[in-house]
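First up is the structure itself, then whatever we jot down about it.
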Amino acid sequence: QVQLWESGGGSVQVGGSLTLSCAVTGYTYGTYCMAWFRQVPGKEREVVATLYRGGELTSEYINSPVEGRAAISQDNAKNTLLLQMDNLKPEDTGVYYCAAVRREWERSCHEMTFNSWGRGTQVTVSS
């Protein structure tokens with residue numbers, strides 16, 4: 001059973017940067033899709049980025065609203081999933097969640113239904 005804990009949220013000014021961290025336990029390398037989602041006020045939860053790493057294969061997906069401003073990475077030695085976001089905008093304000101699901105090879109990670117979630121960390125971007 002994968003367990004996830006997010007940290008690193010906070011308040012940041014427009015144009016600033018933030019790195020979110022997700023501590024992961026119960027993870028088996030090469031088995032899970034990992035992801036960051038966000039819940040923006042007034043909108044449905046949306047995927048921000050997904051990452052799969054296994055052997056020599058790495059697949060990554062960045063959703064269009066943050067493309068060019070977000071980077072997802074994984075530090076296996078520290079069992080940590082990271083989300084780096086730059087040039088933050090007010091519309092990036094929301095609760096950011098770390099998520100995981102066992103990889104199914106017939107679908108891309110961002111097409112899957114994630115079933116392990118952290119509690120979320122608030123990100124507020126203001127001018």
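Keep in mind that what you see is a predicted model, and the values were worked out from it rather than measured.
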Practice task
Indicate the ring-plane relationship of His110 and Tyr61, choosing parallel, tilted or perpendicular according to the 30° and 60° boundaries.
Solution key: parallel
Problem - Approximate separation, where rounding is to 0.5 Å, of Thr28 OG1 and Arg102 CZ - result: 6.0 Å
Handout entry: side chain to side chain contact (heavy atoms under 4.5 Å, CB included) evaluation trace for Ser21 with Thr80
Key = CA-CA 7 Å; Ser21 297; Thr80 301; 4.1 Å; yes
Exercise for the section: State, with a plain yes or no, whether a side-chain heavy atom of Val12 is found less than 4.5 Å away from one of Ser17. Expected result: no
Exercise for the section: Indicate yes or no for a side-chain donor-acceptor contact from Arg107 to the backbone of Met112 under 3.5 Å, with no hydrogens or angles considered. Expected result: no
Fill in the blank from the handout: From the list Gln122, Gln39, Arg38, side chain to side chain donor-acceptor pair (under 3.5 Å) partner of Tyr96 resolves to Arg38
Fill in the blank from the handout: Note: Ala49 and Leu83 closest approach over all heavy atoms is CB-CD1, 4.4 Å
Handout entry: CD/Glu44: more than 12 non-hydrogen atoms of other groups inside 6.0 Å
Key = no
Fill in the blank from the handout: Output for pair (Ser126 OG, Gln13 CD), nearest 0.5 Å, gives 6.0 Å
Problem - Hydrophobic cluster identity match, Trp36 and Tyr27, side-chain contacts under 4.5 Å - result: yes
Practice task
Check whether any side-chain heavy atom of Asp92 lies under 4.5 Å from a side-chain heavy atom of Val123, and answer yes or no.
Solution key: no
Practice task
Indicate, with yes or no, if Val47 and Phe114 share a hydrophobic cluster defined by side-chain heavy-atom contacts under 4.5 Å among Ile, Leu, Val, Met, Phe, Trp and Tyr.
Solution key: yes
Fill in the blank from the handout: Between Tyr32 and Ala100 the two heavy atoms that sit nearest each other are CD2-CB, 4.2 Å
Exercise for the section: Check whether any side-chain heavy atom of Val66 sits under 4.5 Å from a side-chain heavy atom of Met85, and report yes or no. Expected result: yes
Exercise for the section: Could you tell me whether Glu6 and Arg119 make a salt bridge, using a distance below 4.0 angstrom between a side-chain N and a carboxylate O? Expected result: no
Practice task
Check whether Val24 and Trp117 end up in the same hydrophobic cluster, where Ile, Leu, Val, Met, Phe, Trp and Tyr are linked by side-chain heavy atoms less than 4.5 Å apart.
Solution key: no
Handout entry: Nearest-0.5 Å distance that lies between atom OG in Ser108 and atom CZ in Arg103
Key = 6.5 Å
Problem - Verify same cluster id: Leu18, Ile72 (apolar side-chain graph, 4.5 Å) - result: yes
Practice task
Could you walk me through whether Leu51 and Thr58 pass the side chain to side chain contact (heavy atoms under 4.5 Å, CB included) test, one step at a time?
Solution key: CA-CA 7 Å; Leu51 178 67; Thr58 298; 3.9 Å; yes
Practice task
Please report the shortest heavy-atom distance between Gly94 and Pro41, naming the atom on each side.
Solution key: CA-CD, 4.2 Å
Exercise for the section: Kindly indicate whether the side chain of Pro65, heavy atoms from C-beta on, has any atom under 4.5 Å from the side chain of Glu91. Expected result: no
Practice task
Check for a donor-acceptor pair, side chain of Thr93 on one end and backbone N or O of Val125 on the other, with a separation under 3.5 Å.
Solution key: yes
Exercise for the section: Keeping the roles fixed (side chain from Tyr52, backbone from Met34), state whether a donor-acceptor pair exists under 3.5 Å. Expected result: no
Completion exercise
Heavy atoms of Val2 and Gly26 approach each other most closely as CG2-O, 3.7 Å
Fill in the blank from the handout: To the nearest 0.5 Å, atom CG of Asn63 lies from atom CZ of Phe37 at 9.5 Å
Practice task
Group every Ile, Leu, Val, Met, Phe, Trp and Tyr by side-chain heavy-atom contacts under 4.5 Å, then state whether Leu4 and Leu81 land in the same group.
Solution key: yes
